[in-house]
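Below is one structure; the comments refer to it alone.
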Amino acid sequence: MLFLVAIVATAINSIAGGGGLLTFPVLMTVLPPVTADATSAVALLPAYVTSTWAGRKHLAPVRRWFWLLLGPSLLGSLLGALLLNWSGNRSFMALIPWLILIATLLTMRPLLTRWMKPQPPSDATVHETPAPSLALQVASGMLLFLVAIYGGYFGAGIGILVIGAFGLIGLTDIHSVIPLKNALSGALRAVAVTVFLVEGEVDWEYGLVMATVALLGGYLGGSLVRWTNRTAVRVGIVVLGFAIAAYYFWRIYAGGIHMLGNDESCF
């Protein structure tokens, strides 16, 4: 099951985003919440590497933005991952339905708004973006820092949130936005994964299997992206996300969850 979920989730991340909404709930059936989130991050990380490599030539026009936003993204992710580790299973469990709901709404956002301007054909010449003003650089760094805190803490839907942030700062060329999103999302999630590894939060029995096949899922997603209906995929993820959020809302606030020990197990 985890093998198949990892392939589908990483392929979805390459096509539409929201793959974490598949890996995290499945891992929650066999692992405590914090360990499930950490293991999910490890499982999805390799696909960011392959997708970034595949789109590396499209990063050239926005390489200035990558280096500008890399620092704030890494710092925000570090803070988010540390907050997750400090919060423990008990506190994180109470936030799960809200985080899944937020991730689902982020996935749904592109279905409700069309913020991108018409783009040139894929074979059109794309010129490097002009240097941003100092004020825009500061505002963009602060925005990505806040986005990265969420990415380090939970991560599901982070790619969609990063794209939304790009839209606010004026980056709208889809050919450059997607690889830039993959590069920054992969970098900030790598920081979170490092924290999880140091703290011993990753379950390698499941994480290693999923991380290995994630390379295949990322490759498949990158290969199928031009033939896949992204809207249809995103609609399916949104429906699934709302169903999962509703289940956890019921399980925690109506059905009740019993905590055993000191944050070690959640049932």
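- Atom OG1 of residue T23 and atom CG of residue L44 lie 4.0 Å apart, to the nearest 0.5 angstrom.
- Between P72 and A148, the shortest heavy-atom contact is O-CB, 4.2 Å.
- There is no path of hydrophobic side-chain contacts, each under 4.5 Å, that joins V198 to Y153.
- Here the CE-CD distance, from M210 to E205, works out to 12.5 Å after rounding to the nearest 0.5 Å.
- Linking Ile, Leu, Val, Met, Phe, Trp and Tyr residues whenever their side-chain heavy atoms come within less than 4.5 Å places L188 and L69 in a single cluster.
- Considering all non-hydrogen atoms of both residues, L99 and Y150 come closest at O-OH, 3.9 Å.
- Summarising the geometry of G207 relative to V42, their closest heavy-atom pair is O-CG1, 4.4 Å, with the distance given to 0.1 Å.
- Checked against side-chain hydrogen bond (donor to acceptor under 3.5 Å, both in side chains), W204 has no partners two or more places apart in sequence or in another chain.
- Interatomic distance, CE of M28 versus CG of D37, reported as 10.0 Å (0.5 Å rounding).
- Once rounded to the nearest 0.5 Å, the distance linking CG of L75 with CZ of F145 reads 6.5 Å.
- Of the options T194, L83, V191, I149, a side-chain contact (heavy atoms from CB on, under 4.5 Å) to L78 is made by V191 and by none of the others.
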- prompt: Given F249 and L101, is the side chain to side chain contact (heavy atoms under 4.5 Å, CB included) satisfied, shown in steps?
  reply: CA-CA 10 Å; F249 273 119; L101 181 61; 4.2 Å; yes

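- Between F66 and V62 there is no side-chain heavy-atom pair separated by less than 4.5 Å.
- Looking at F242 and L105, their side chains come closer than 4.5 Å, going by heavy atoms from C-beta outward.
- Taking the side-chain contact (heavy atoms from CB on, under 4.5 Å) definition, one finds that E199 meets it with N85, V195, E201, sequence neighbours left out.
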Step-by-step side chain to side chain contact (heavy atoms under 4.5 Å, CB included) determination, I169 to W65: CA-CA 11 Å; I169 62 180; W65 280 103; 3.8 Å; yes

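- Atom-to-atom distance recorded for L74:CG and R189:CZ is 13.0 Å, nearest 0.5 angstrom.
- Across L45 and A190, no two heavy atoms sit closer than the pair CD1-N, 3.9 Å.
- Atom OG in S40 sits 7.5 Å away from atom CZ in F24 (nearest 0.5 Å).
- Closest non-hydrogen pair, V202 versus T35, comes out as C-CG2, 4.5 Å.
- Across all their heavy atoms, V162 and S185 have their closest contact at CG2-OG, 3.9 Å.
- Side-chain heavy atoms closer than 4.5 Å link hydrophobic residues (I, L, V, M, F, W, Y) into clusters, and following such links, even through other members, never connects I7 to V49.
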